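Heavy atoms only: backbone and side chains are in, while hydrogens, waters and symmetry mates are out. Everything quoted here is computed from the prediction, not taken from an experiment.
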Amino acid sequence: MRFEEYLSSLQSKTVAVIGIGISNRPLIELLLSRGVAVTACDKKDRAALGALAGELEQKGCRLRLGTDYLKNLTEDIIFRTPGMRPDLPELVAAVEQGSVLTSEMEVFFEVCPCPIIAVTGSDGKTTTTTIIGSLLQAAGRTIHLGGNIGHPLLAEAGNMTAEDIAVLELSSFQLMTMSRSPHIAVITNLAPNHLDVHKDYAEYISAKENIFTHQLSKDIAVFNVDNEVTRTFVGREKGHLRTFSRRKIVERGAYLAPDTDGEGQAIWIANETGGRRVLPLAEIKLPGIHNVENYMAAIAAVDGLVPDVIIRDFAQNFGGVEHRIELVRELDGVRYYNDSIASSPSRTIAGLNSFAEKVILIAGGKDKGISYDSLGPVINEHVKLLILCGATAGVIRSSVEQAENYGGLEIVDVENYSQAVSLARSRAGEGDVVILSPASTSFDRFANFMERGNVFKEIVNGLK
């Protein structure tokens, strides 16, 4: 079913959209513009929504707000917000009574007229998605970037053509109920994450698997064979397999090998024509071996779609995505980095491994039910001063002090980022690195990791 057909099919139905946030607002506006009977449900009250409540009502939208926003769902179609579990009792009851539960992303997969490339993983998915989209765009393709990055795409599907390419980042929450998979599916890696929402690690992995389990024989799956979980997916793909590894040469996909000039290493690609050198590591502007892996995943995905020269030109100039080891400023010889995206220990570990020198680390935030044991040893190895702020300060401190390599690293607890940055400034000397890499979610104090990173950058940029 295509875009216009789908919208026409809704005109005789009632629709509930749960969550009046960024991902669903364009959907609500679209449905209202087509005369669909929409009820927008949100746990925020009318005061919290502000002027938006009146604006939506003027367009014909019914509102169901406050703590009872999920009660008595009887609409024909229910769009859930991505972070909401589909097995909530209220949703289960509605489905049992005949409602169809779906999401903006599920419908986009149903109506999208062009090929879809999608990326998921625990770490690196935003950077990998950005690289893929940018490379395709540089090669002259019209791309539509969305999903868990950028903005929702369903409302724009009517303007897409069969020659375009949709490039998506998909979270485990978006994938949980997906019954379709993209034409090219990329999994960067998997590690325990979001266990405050998922029942357990097995459910988290199962959700991620949906990115490839519904593919067809002509589709492509790209797996990281260095990761112990994603390596087990090999052989389960429905279509063509491509892998990537920085530890060994692979038969089809991307791998590291000595550069042709004999100095350093390069990313090579292997396909039916053999192996060829694509990108010397020395030409990658982004720091960190994890970003080498991101490039390998992207190169494996776009092989045959993007010329190698475009890949090299892009890598030499691409400085990264905001909030991902983002250089905020250099002051008095001290470099300040914003890595607010690091909402898990594995992400912070990757950030710390990006620097040759020991750093001053600012960490802490909201706990999401995962272990911090792996973080302590890495902090002891890579950090000269640890500044903790937030609900996970205690568990991070414990992981450091209980690690076998603990040698008395100085750990200081502070109340807020202003104190953290002030302390870091007073203790840092020329040549030092100060990095915000929380290893925790932002929801103890901020709306999201972007707001957290922006607050940090504002404080750093205000230093005199």
Margin query: Could you walk me through whether L279 and Y295 satisfy the side-chain contact (heavy atoms from CB on, under 4.5 Å) test, starting with their C-alpha distance in whole Å, then the side-chain angles of each, then the deciding distance to 0.1 Å, before giving a yes or no?
Written below: CA-CA 9 Å; L279 177 62; Y295 267 104; 3.9 Å; yes

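- Using a 4.5 Å cut-off on side-chain heavy atoms (C-beta onward), I28 and F79 make no contact.
- Remark: Q316 CD is packed, more than 12 non-hydrogen atoms of other residues, nucleotides or ligands lying under 6.0 Å away.
- The side-chain heavy atoms of H240 and D219, taken from C-beta on, include no pair separated by under 4.5 Å.
- With rounding to the nearest 0.5 angstrom, the CG atom of L388 is 7.5 Å from the OG1 atom of T392.
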Margin query: Test side chain to side chain donor-acceptor pair (under 3.5 Å) on S354 and Y337; report intermediate values, then the result.
Written below: CA-CA 11 Å; S354 299; Y337 287 88; over 6 Å; no

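- A side-chain hydrogen bond (donor to acceptor under 3.5 Å, both in side chains) with R324 holds for exactly one of T126, N338, D339; it is T126.
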Check: Should K457 and E322 be marked as a salt bridge (charged side-chain N to carboxylate O under 4.0 Å, His left out) after you check the CA-CA gap, both sets of side-chain angles, and the distance that decides it?
Finding: CA-CA 11 Å; K457 290 197 292 184; E322 187 179 18; 2.6 Å; yes

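- Note that CZ of F318 and CG of D313 are 15.0 Å apart. Values are rounded to the nearest 0.5 Å.
- Proximity of T120 to E169: side-chain heavy atoms (C-beta onward) are nowhere separated by under 4.5 Å.
- We find that E357 and R335 are joined by a salt bridge, their nearest charged nitrogen and carboxylate oxygen being less than 4.0 Å apart.
- Remark: side-chain polar atoms of K238 are paired, donor with acceptor, to backbone N or O of T213 under 3.5 angstrom.
- Considering every non-hydrogen atom in both I360 and K384, the closest pair reads CG1-CG, 3.9 Å.
- A heavy-atom distance below 4.5 Å is not found between the side chains of T129 and I131.
- Proximity of a side-chain donor or acceptor of N294 to a complementary backbone N or O of T127 within less than 3.5 Å is not detected.
- H382 contributes no side-chain N or O that, together with a main-chain N or O of N353, makes up a donor-acceptor pair within less than 3.5 Å.
- The two atoms that bring A363 and I396 nearest to each other are CB-CD1, 4.2 Å, heavy atoms only.
- Here W268 contributes atom CH2 and T260 contributes atom OG1; the two are 6.0 Å apart, rounded to the nearest 0.5 Å.
- With a 4.5 Å cut-off on side-chain heavy atoms, L170 and N148 do not count as touching.
- Aromatic ring pairs are classed by plane angle as parallel below 30°, tilted from 30° to 60° and perpendicular above 60°; the pair F223 and F212 is perpendicular.
- The existence of a salt bridge linking R246 and E293 is confirmed by a sub-4.0 Å separation between a basic side-chain nitrogen and an acidic carboxylate oxygen.
- For the pair M450 and H323, the tightest heavy-atom approach, listed with the atom from each and the gap, is O-CE1, 3.4 Å.
- Side-chain atoms of N24 never come within 3.5 Å of backbone atoms of G21 as a donor-acceptor pair (strictly under, hydrogens ignored).
- Put simply, the side chain of V359 reaches to within 4.5 Å of the side chain of L352, judged on heavy atoms.
- Remark: R277 engages D259 in a salt bridge, criterion side-chain N to carboxylate O under 4.0 Å.
- Smallest separation of non-hydrogen atoms from P287 and H290: O-CE1, 3.9 Å.
- Taking CD1 from I311 and CD1 from I267, the interatomic distance works out to 8.5 Å, rounded to the nearest 0.5 Å.
- Salt-bridge annotation for R236 and E209: present, with a side-chain N of the basic residue lying under 4.0 Å from a carboxylate O of the acidic one.
- Atoms CG and NZ, on N189 and K125 in that order, are 8.5 Å from each other to the nearest 0.5 Å.
- Proximity of a side-chain donor or acceptor of R347 to a complementary backbone N or O of A342 within less than 3.5 Å is not detected.
- Using modelled atom types, one side-chain atom of N405 and one backbone atom of P377 make a donor-acceptor pair closer than 3.5 Å.
- N448 and S442 form no side-chain donor-acceptor contact under 3.5 Å, judged by distance and modelled atom types alone.
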Next item on the list: Go through the steps to decide whether D226 and K248 satisfy the test salt bridge (charged side-chain N to carboxylate O under 4.0 Å, His left out), and finish with yes or no.
Entry: CA-CA 9 Å; D226 292 342; K248 64 179 183 179; over 6 Å; no

Checklist line | Candidate pair Y204 and S122, rule side chain to side chain donor-acceptor pair (under 3.5 Å), full reasoning | finding: CA-CA 10 Å; Y204 173 71; S122 297; 2.7 Å; yes

Checklist line | Verdict with supporting geometry, F3 and L30, side-chain contact (heavy atoms from CB on, under 4.5 Å) | finding: CA-CA 12 Å; F3 184 67; L30 170 67; 4.0 Å; yes

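- With T81 contributing its side chain and G83 its backbone, the two residues share no donor-acceptor pair below 3.5 Å.
- A salt bridge is absent between E381 and K358; no separation between the charged side-chain nitrogens and carboxylate oxygens falls under 4.0 Å.
- Here the side chain of R141 pairs no donor or acceptor atom with the backbone of I165 at under 3.5 angstrom.
- In terms of heavy-atom proximity, S344 sits nearest to D123 at OG-OD1, 3.7 Å.
- Considering all non-hydrogen atoms of both residues, S103 and R80 come closest at CB-O, 3.9 Å.
- Between the side chain of T188 and the backbone N or O of T128 there is no donor-acceptor pair closer than 3.5 Å.
- The neighbour count for E401 CD, taken as heavy atoms of other residues, nucleotides or ligands under 6.0 Å away, is above 12.
- For the residue pair E106 and T177, a side-chain donor N or O sits within less than 3.5 Å of a side-chain acceptor on the partner.
- Residues C114 and T161 fail the side-chain proximity criterion, which asks for heavy atoms closer than 4.5 Å.
- Residues R85 and E203 are paired through a salt bridge, judged by an N-O separation under 4.0 Å between the basic side chain and the carboxylate.
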Next item on the list: Go through the steps to decide whether C389 and R445 satisfy the test side-chain contact (heavy atoms from CB on, under 4.5 Å), and finish with yes or no.
Entry: CA-CA 10 Å; C389 173; R445 304 185 183 198; 3.4 Å; yes

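- Between D432 and R427 there is no salt bridge, since no side-chain N of the basic residue sits under 4.0 Å from a carboxylate O of the acidic one.
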Note to self: For a side-chain contact (heavy atoms from CB on, under 4.5 Å) check, start with the C-alpha distance between I220 and H183, then their side-chain angles and the critical distance, and finish with the verdict.
What the structure shows: CA-CA 6 Å; I220 297 169; H183 301 86; over 6 Å; no

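- No hydrogens or angles considered: nothing links the side chains of K366 and S440 as a donor-acceptor pair under 3.5 Å.
- Shown here is E330, whose CD atom has more than 12 heavy atoms of other residues, nucleotides or ligands within 6.0 Å.
- To the nearest 0.5 Å, atom CG of residue D413 and atom CD1 of residue I411 are 8.0 Å apart.
- Not one N or O on the side chain of N380 forms a donor-acceptor pair closer than 3.5 Å with the backbone of G407.
- In this structure, E228 places its CD atom where only 12 or fewer heavy-atom neighbours from other residues, nucleotides or ligands lie under 6.0 Å away.
- Remark: D303 engages R276 in a salt bridge, criterion side-chain N to carboxylate O under 4.0 Å.
- Checked against the 6.0 Å centroid threshold, F446 and Y417 count as a close aromatic pair.
- Considering only heavy atoms from C-beta on, T243 stays 4.5 Å or farther from R252 through its side chain.
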